[in-house]
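Residue numbers start from 1 in every chain, and the chains themselves are labelled A, B, ... in the order their sequence lines are given, proteins ahead of strands. Because only heavy atoms are used, hydrogens play no part in the values below, and waters and symmetry mates are left out as well, while side chains stay in.
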There are 4 protein chains.
Amino acid sequence: MAKLSEEQKLARRLQILNAGWRCFDRNGLHATRMDDIIAEAGLSAGAVYSYFKNKDDLVQAALTTSMQGLAQTLRPILDNESPPPPVELLESIAEAIEAFTKRDGFDLKRIALLGWAESQRDPKLKAAMQAFYDAFLGQLAGCVTRWKAAGLFGASTEEAPLARALLALLLGYTVQAAVIGGLSPGILRAGVEFLISQHRASP
Amino acid sequence: MAKLSEEQKLARRLQILNAGWRCFDRNGLHATRMDDIIAEAGLSAGAVYSYFKNKDDLVQAALTTSMQGLAQTLRPILDNESPPPPVELLESIAEAIEAFTKRDGFDLKRIALLGWAESQRDPKLKAAMQAFYDAFLGQLAGCVTRWKAAGLFGASTEEAPLARALLALLLGYTVQAAVIGGLSPGILRAGVEFLISQHRASP
Amino acid sequence: MAKLSEEQKLARRLQILNAGWRCFDRNGLHATRMDDIIAEAGLSAGAVYSYFKNKDDLVQAALTTSMQGLAQTLRPILDNESPPPPVELLESIAEAIEAFTKRDGFDLKRIALLGWAESQRDPKLKAAMQAFYDAFLGQLAGCVTRWKAAGLFGASTEEAPLARALLALLLGYTVQAAVIGGLSPGILRAGVEFLISQHRASP
Amino acid sequence: MAKLSEEQKLARRLQILNAGWRCFDRNGLHATRMDDIIAEAGLSAGAVYSYFKNKDDLVQAALTTSMQGLAQTLRPILDNESPPPPVELLESIAEAIEAFTKRDGFDLKRIALLGWAESQRDPKLKAAMQAFYDAFLGQLAGCVTRWKAAGLFGASTEEAPLARALLALLLGYTVQAAVIGGLSPGILRAGVEFLISQHRASP
DNA sequence: GATGAATGAGTCTTCATTCAT
DNA sequence: AATGAATGAAGACTCATTCAT
C-alpha cells in the first residue's frame, strides 16, 4: 500500500482526534473505550494505534490540542495593544470561545470540564493546564496594565487579582454553559455590566 | 453484632462516603476502584455494598451529598434579608465554600470538578446538578432584588444576568482553586473590587 | 429463651423446607440464595443454620424428603396384593403423584426435575435417587409378577423391561406436566389405553 | 490474524459449544464456571466472549442447539409417510436419540435434564422448549393418523393422548438413562411390547 | 436461643493492546 | 501498511457462612 504523505497523516490524526472528541463529549474520558473511538473514526484498531501510542496518549492529545487551539484563537484578542474595556473584552473572548468550541457533534467546552477533572489525577496534564492558564492570566494582566495606561483603571489597581477575576468569569461561563446551559456571551456581558453599575459613594 | 441503630447506620454510611471522597480526590471517579474505597473505609466489600447498591450509587451519593451539604451551608448567607454588597457577599460565600469543602484528606472543590465532568454523561446526576444550580441562581437573584430595594442597584438592573455573573465568579473561583491554585476568597474579592473600580464617564 | 420441644423443632424444620421448596420451584436450586429461603421462611440466618448445616444440606433434605414422602404415598398402591390392570394402576399412581406434589406455592414435580439435574453432579444425591428408583422399579416388577399370576400377562413376560416401561410413562408424565403442561392422569391413561388397543394379528 | 471466514467462525462457535456441553455434563449449568469452559475450549476469555454475549447466552445456545439438532435428526423418522408400528417407531426414535446424544466426553441426554430444570426459571428457554415439544407431539400425532389410516388403530383412537403417551415413554427413557442407567432402546421396546401383550377379553 | 451485620473468597465480564497474516 | 482476532489482567459484585451481642 502506498506510503501516506505527511499531509495525509496529519489529516488522519485529526480524524481520530475528532472521533475522540465526539466520544469523550458523549461518554467522558474513562467510559469511552478505544473501540468506540476506533468505530467512530471508521478505522481499524491498528490504524489508530499507529497514530497514538495508547489511550492515554490520545487523551492527552485531545485535551492539549484543544487547549493549544484555543490559546491560538484568543491570542489576537488578548495581545491587542489597546484592548477594549473589560466588559467588551470579556464578551469578545466568550464569543471567540463559543466559536472555537462549538464543533460538529461535540462541544470543546464540555471536553474542557473533562480535562479539569482529569488534571486532578494526571500530573502531566496538570502541568500543561497550569501552563495554559498561567499564560492566559499573564495575557489578562497585560490587558490590565494597558487599561491602567489608558486611564481606565487607577494606578493602584493590581494586575493579578483583576486577571483572576476576569478568568473566573470566563471559567464560570464555561461551567455554566456546559452544566446548566442557558448562558451566552451577551448575557455574561450584561451581568458584568450590571455588576459594575453598582452605585458608589461619590468621592 | 447486634442490630445497628439508625444513627449508627448513618455514621457508617458517612464513613464510607468519606473514604469515597478521599479516593475520588486522589484518583478521580473512574480510576478509583471499589477496593480502594473499601480499604480506605477499613471495611469489607460486603459491608460497603450493604450501604451502597453499587459503585455508581456510591458515586451519586458522594456527589449529591456534597452538593446538598453545600446548599445547606450557604442557605443562611444567601437567604439573608439584607445581603451585604456584591463584593462582600462573594467573599463570604467563597469563604463558606472554602470552609465547607476543605476536609481531612480531600477537598470537595476538586470533587465538584469530577461531578461536573460526570454530569456530562449521567442524566440523573445532570438533573440533580441543574436543580442545585438553578436554586443557587434563584437565591442570588433574590439578593439582587434586595440590593435593588436597598438602592444599591438601579431599577433597570436585571436579576438573572447579574446572578449568572456572580455564579460565574464563584464557579470560576472553584476551577482556579482546584486546577491552578493560588486563589483565595480575599484575592477574588480584590479582583472584583478592582473590576468595579473601573472609571466611568460621569453622568 | 425457652427451649423448643422436639415437636416444635420438627415443625420449624418443615417450615424451612417449605420455604426452600417454594424458592427452588421459583428459581431453581442454584439461583436460589440462602437469603431467599431465610426471608421466605420468615426466620433469621442463624435460625435456619441451626436446622441445616449448610445450603447443600438443605438442598439434600428438600430433595430426599420429597422422594421419601412420595415413596410412602405410593407404597399402598404399589404393594397392593392384587393390583389393578396396568392402565388403571398407572392412572392411580399418577393421581397419587399429582395429589402429593401439588402444594401451596410450589409443585414437587418441578422440584423433581431439579433433583434429576442435580443428581448428575452430586454423587450422594445420585445414590439416593438410584435407591429410590430401584425400589420403585422393584415394586413395579412385583406388580408384574402378580399380574402374571393373575393371568393378565403370559408367563414369558419379563418383569424388568415392563417395569421400566411403566416407570418411563410415569417419569415422562412428570416431565410433560412440568415442562409442557396440559397433561393429566386421565389423558395419560387414555393414551396408554389407545396404545394397547393396537390391532394384533390373530393367533 | 486475518479475517475469519463465516465457516471458521461457525467451527469456533461449535468448539466452544462442545466445551460447554462437556463442562455442563460434568458439573451442571450453574456450577460450571466460565473459566472451566474457557479452559476446556482452549481459548482465552475474550475469545469466548466474542462468540457468546455472556454465560446465559452460552447456556441458551448449548441447550437450544442441542434441541434443534435432535429435531433435525428425528425429522425423517417422524415424518415417515408409512411409519412402522408404535413399538418399532419408539425403538428407532430411542436409537436415534442415543446416536445423537452420545458424544465424545458428554451425553446430551444428561444436558436435556439440565435444560428441563433450567426452563423452570427461564421463560425464554421454557418457550423454546415448549415449541420443541409441541412440534414433537404434532409429529407423533401425525404418525397416529397414518397408523389409523393403515388400519393399525381403530377410528376412535385419539391422536393427542396417544402422542402424549409415546412422548412420555421417550422422555421417561431419557430420565432413566441419565439418572438410573441400565436402559437401552431394546429394553424399552421389550417393555412396551410386554405392555401391549396384555391379555384382552375377546370381542 | 436468636439475631443479622460482617466477611472475603469466588465469578463474571470488560477492554487496552498486540501481532500474525 | 492495514486489519481485526486474540489475549488476559483487572475490577465490580455476590452470597454462603459465621459469631459478637
Shortest non-hydrogen contact between K126(D) and A178(C), atoms and distance: NZ-O, 3.1 Å

Atom-to-atom span, CD1 of I16(D) to C1' of dA5(F) - whole angstrom: 12 Å

Steps toward salt bridge (charged side-chain N to carboxylate O under 4.0 Å, His left out) verdict (R110(D), D107(D)): CA-CA 6 Å; R110(D) 291 159 57 91; D107(D) 184 330; over 6 Å; no

Euclidean distance, atom OH of residue Y51(B) to atom C1' of dT7(E) [Å, nearest integer]: 14 Å

Residues in ring-ring contact (aromatic ring centres under 6.0 Å, His included) contact with Y49(C), at least two apart in sequence or another chain: none

Side chain Q120(A), main chain N27(B), donor-acceptor under 3.5 Å: no

D35(A) CG to dA16(E) C1', straight-line distance once rounded to whole Å: 9 Å

Separation of dT21(F) P from K3(B) NZ (nearest whole Å): 17 Å

Which residue lies more 5' along DNA chain E, comparing Y49(D) with L43(C) via nearest heavy atoms: L43(C)

Heavy-atom pair with the smallest gap, counting every atom of M129(D) and W116(D): CE-CD1, 3.8 Å

Under 3.5 Å between N/O atoms: give me all the protein pairs with nucleotides 8-10 of chain F, atom names plus distance.
from, atom 1, to, atom 2, distance (Å)
dG8(F), O6, G46(D), N, 3.2

Side chain to side chain contact (heavy atoms under 4.5 Å, CB included) against E40(B), all qualifying residues, sequence neighbours excluded: A19(B), R22(B), C23(B), R26(B)

Pairing string, 5' to 3', for DNA chain E - Watson-Crick or wobble contacts under 3.5 Å, brackets [ ] where pairs cross, | to another strand: .||||||||||||||||||||

Whichever of T32(B) and G42(D) has its nearest DNA chain F nucleotide further upstream toward 5': G42(D)

Short side-chain donor-acceptor distance under 3.5 Å, Q68(B) and T65(B): no

Protein-nucleotide distance (L58(A), atom CG; dC15(E), atom C1'), rounded to Å: 15 Å

Side-chain (E118(B)) to main-chain (L125(B)) donor-acceptor, under 3.5 angstrom: no

Residue from L114(A), T101(A), L17(A), L108(A) passing side-chain contact (heavy atoms from CB on, under 4.5 Å) with S66(A): L108(A)

Whole angstrom value for the distance that separates P of dA16(F) from CG of D56(C): 12 Å

Nearest-nucleotide 5' precedence on DNA chain F, N54(B) against M34(C): N54(B)

Gap between atoms CD1 and P, on I38(A) and dG4(F) respectively (whole Å): 11 Å

Interface residues of residues 5-13 of chain B with DNA chain E (non-hydrogen, below 4.0 angstrom): R12(B)

Worked verdict on D122(C) versus K124(C) for salt bridge (charged side-chain N to carboxylate O under 4.0 Å, His left out): CA-CA 6 Å; D122(C) 180 339; K124(C) 196 153 39 122; 5.8 Å; no

Pair listing, salt bridge (Lys or Arg N to Asp or Glu O under 4.0 Å) test, anchored in residues 52-68 of chain B, at least two apart: none

Nearest-angstrom distance from the residue atom CG of L29(A) to P of dC15(E): 15 Å

